[in-house]
Amino acid sequence: MKPCELENCEEKAVIKRGKDGRAVCKKCFIELFEQDVHDTIVKEKLFTRGDKVAIGASGGKDSTVLAYVVKTLNDKYDYGLNIFLLSIDEGIKGYRDDSLEAVEKNRIEYGLPLKIVSYEELYGWTMDKVVENIGKKNNCTYCGVFRRKALDRGAELIGANKLVTGHNADDMAETVLMNILRGDVARLGRCTNAITGDENELPRVKPLKFCFEKDIVFYARLQNLEYFYTECVYAPNSYRNFARNYIKQLERLQPRAILDLVHSGETVAIRKEASTQIQTNCTRCGYMSSQPICKACLLLEGLNTGNYQIGNSSKKKPREPTETNSVTGENPAPEKSTSGCGGQCACEAKGLSGLSI
Amino acid sequence: MDTNVEEIMKKAHCSGVVVAEANGLPLVAKGTLDKESAPLVTELISLAKQLEPHNKETPVVTVQAEQHKTMATMKSIDLTLEFSGGSEFLVDGKKLHEVKIEFDDSKPYTIRRLVDYIRQILLKDCDRPELLIDNGTVRPGVLVLVNESDWELFEGIDTELSNGDKVTFISTLHGG
């Protein structure tokens with residue numbers, strides 16, 4: 001039996017923490033985990049007294065732990081937050097309807113009000129209907145784009161001024177890696193921020209940003225938090241899965257790898273010319289967009305007219321090699337990525353999704 | 001294993017020992033017994049087990065002859081296996097499995113050997129066994145607990161197991 005590594009503790013260690021490799025007992029583990037989240041909240045100034053926050057709740061492990069910890073810390077440190085649970089019903093039979101039951105349990109157990117918004121009421125389409133029409137090929141793009149906007153709309157309905165999502169350190173590391181692989185420089189520059197969201201969008205905050213998935217799962221087990229898990233019944237996001245598996249294998253060799261990748265994402269300097277992306281508002285729905293019409297509206301137009309190419313062009317122009325002006329060192333602005341999920345899939349809109357395998 | 005066999009040989013009246021794997025492959029033979037008897041002895045034990053299928057004890061078969069008697073037995077370990085976080089869907093959707101595993105005790109029973117058993121027996125009808133066991137080890141992203149403690153506190157895949165231990169597999173690979 002290994003004793004807890006913390007000073008003045010003689011309890012039996014039950015876990016080697018993913019984050020720092022320290023062997024600690026149950027009580028110390030729970031304290032350290034909550035302390036980590038509290039530190040992130042304080043250091044990154046995630047909340048202000050009086051904030052009305054919507055926690056993106058999918059019923060999965062991350063959002064279940066997130067809701068529990070944020071509520072616990074709000075009581076313990078008196079953040080003065082007004083907390084709501086926000087769930088998105090994508091309309092996937094046998095998947096989301098089950099997980100919404102898990103959220104319903106959280107609502108009762110944590111005593112937090114719950115708001116559910118559905119794709120059907122927002123867009124007139126359920127994911128089941130979308131898949132019926134377009135097949136299983138690109139459906140994750142629709143789901144991801146729709147979810148991001150639905151979270152914003154849901155938070156608006158609640159009157160929340162912040163959206164809280166359950167992104168953890170493993171998710172961040174995956175996203176950094178994916179953005180590098182895709183050459184998505186603009187996203188690489190901001191994907192590790194603890195607070196994201198552009199001017200016209202609700203700020204999104206990620207209190208679990210430095211929490212390892214291993215520690216989150218252990219926390220849920222030690223606190224007897226029930227969560228929902230299953231794969232989405234539709235096609236898995238294979239690109240993200242590749243990054244995910246790769247990082248999990250790295251973690252086995254060297255757990256630090258996860259924090260190192262997040263650190264790389266945080267500290268990499270993006271040249272101004274490369275990251276500029278002009279944000280405007282969608283001329284149809286008013287939602288923030290980098291194009292005159294936002295992606296969600298384009299995808300919807302495609303669904304409603306039966307022309308599924310709209311907003312979904314799979315032909316991405318091959319990237320020209322970037323020429324560096326040898327005199328000024330400046331680059332011409334790279335063309336913007338428009339293909340596939342473009343990073344708007346589960347990677348950014350998680351917290352309600354599943355990073356399904 | 002050789003030292004174990006030597007010790008048994010030293011016991012009074014013992015004239016021969018043969019050690020075999022659960023499916024009859026001979027490992028060691030000493031004294032009057034030769035390796036060719038291994039499959040026969042293993043088969044005898046399996047048949048004896050079928051006499052009382054509900055009895056979890058491993059039978060000891062004794063063959064009495066005029067001059068001597070032959071005894072046959074097998075080593076086994078009782079374990080509780082728990083599958084959670086989505087990994088239960090890979091093993092018949094059942095979270096708890098009480099198993100009795102027969103093994104050759106020439107070396108300690110480790111998680112590595114348990115993993116082999118799980119792959120061959122519990123994941124027999126699973127179409128995606130690699131979600132739990134990949135490359136002879138537990139897939140990265142699946143947490144392993146021995147009696148509710150992180151296997152990383154012990155020897156990981158080489159952690160030795162004892163009778164009555166509980167081993168838990170929690171998948172973090174299934175989204176929510």
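Per chain, numbering begins at 1; letters A, B, ... match sequence-line order.
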Notebook entry, point to check: Should D62(A) and L66(A) count as side-chain neighbours, where that means a heavy-atom distance under 4.5 Å?
Noted result: no

Next item on the list: Please lay out, stage by stage, how K27(A) and E31(A) fare under the test salt bridge (Lys or Arg N to Asp or Glu O under 4.0 Å).
Entry: CA-CA 6 Å; K27(A) 191 168 153 279; E31(A) 268 173 28; 3.8 Å; yes

Check: Checking heavy atoms, do the side chain of V142(B), its backbone, both or neither come under 4.5 Å from chain A?
Finding: backbone

Notebook entry, point to check: With chain B, which of K2(A), K214(A), E251(A) has the greatest number of heavy-atom pairs at distances under 4.5 Å?
Noted result: K214(A)

Notebook entry, point to check: When you check the side-chain N and O atoms of S99(A) and S58(A), is any donor under 3.5 Å from an acceptor?
Noted result: no

Next item on the list: Quick one: closest heavy-atom pair of L131(B) and L173(B), and the distance?
Entry: O-CD1, 3.8 Å

Notebook entry, point to check: Do you know which of S84(B), G141(B), G85(B) has the most heavy-atom pairs under 4.5 Å to chain A?
Noted result: G85(B)

Check: Given that the side chain runs from C-beta out, which part of F154(B) has a heavy atom under 4.5 Å from chain A: side chain, backbone, both or neither?
Finding: neither

Checklist line | Proximity breakdown for L153(B) and chain A, heavy-atom pairs closer than 4.5 Å | finding: both

Check: Distance-only, no hydrogens or angles: does the R17(A) side chain make a donor-acceptor pair with backbone N or O of F29(A) under 3.5 Å?
Finding: no

Check: Considering only heavy atoms, which portion of S87(B) lies under 4.5 Å from any heavy atom of chain A: side chain, backbone, both, or neither?
Finding: neither

Next item on the list: Counting only heavy atoms closer than 4.5 Å, note whether D170(A) contacts chain B via side chain, backbone, both or neither.
Entry: neither

Check: Top residue by heavy-atom pair count (under 4.5 Å) with chain B, among K26(A), K16(A), R252(A)?
Finding: R252(A)

Next item on the list: Hey, can you tell me if Y227(A) and Y229(A) have their rings parallel, tilted or perpendicular (30° and 60° cut-offs)?
Entry: perpendicular

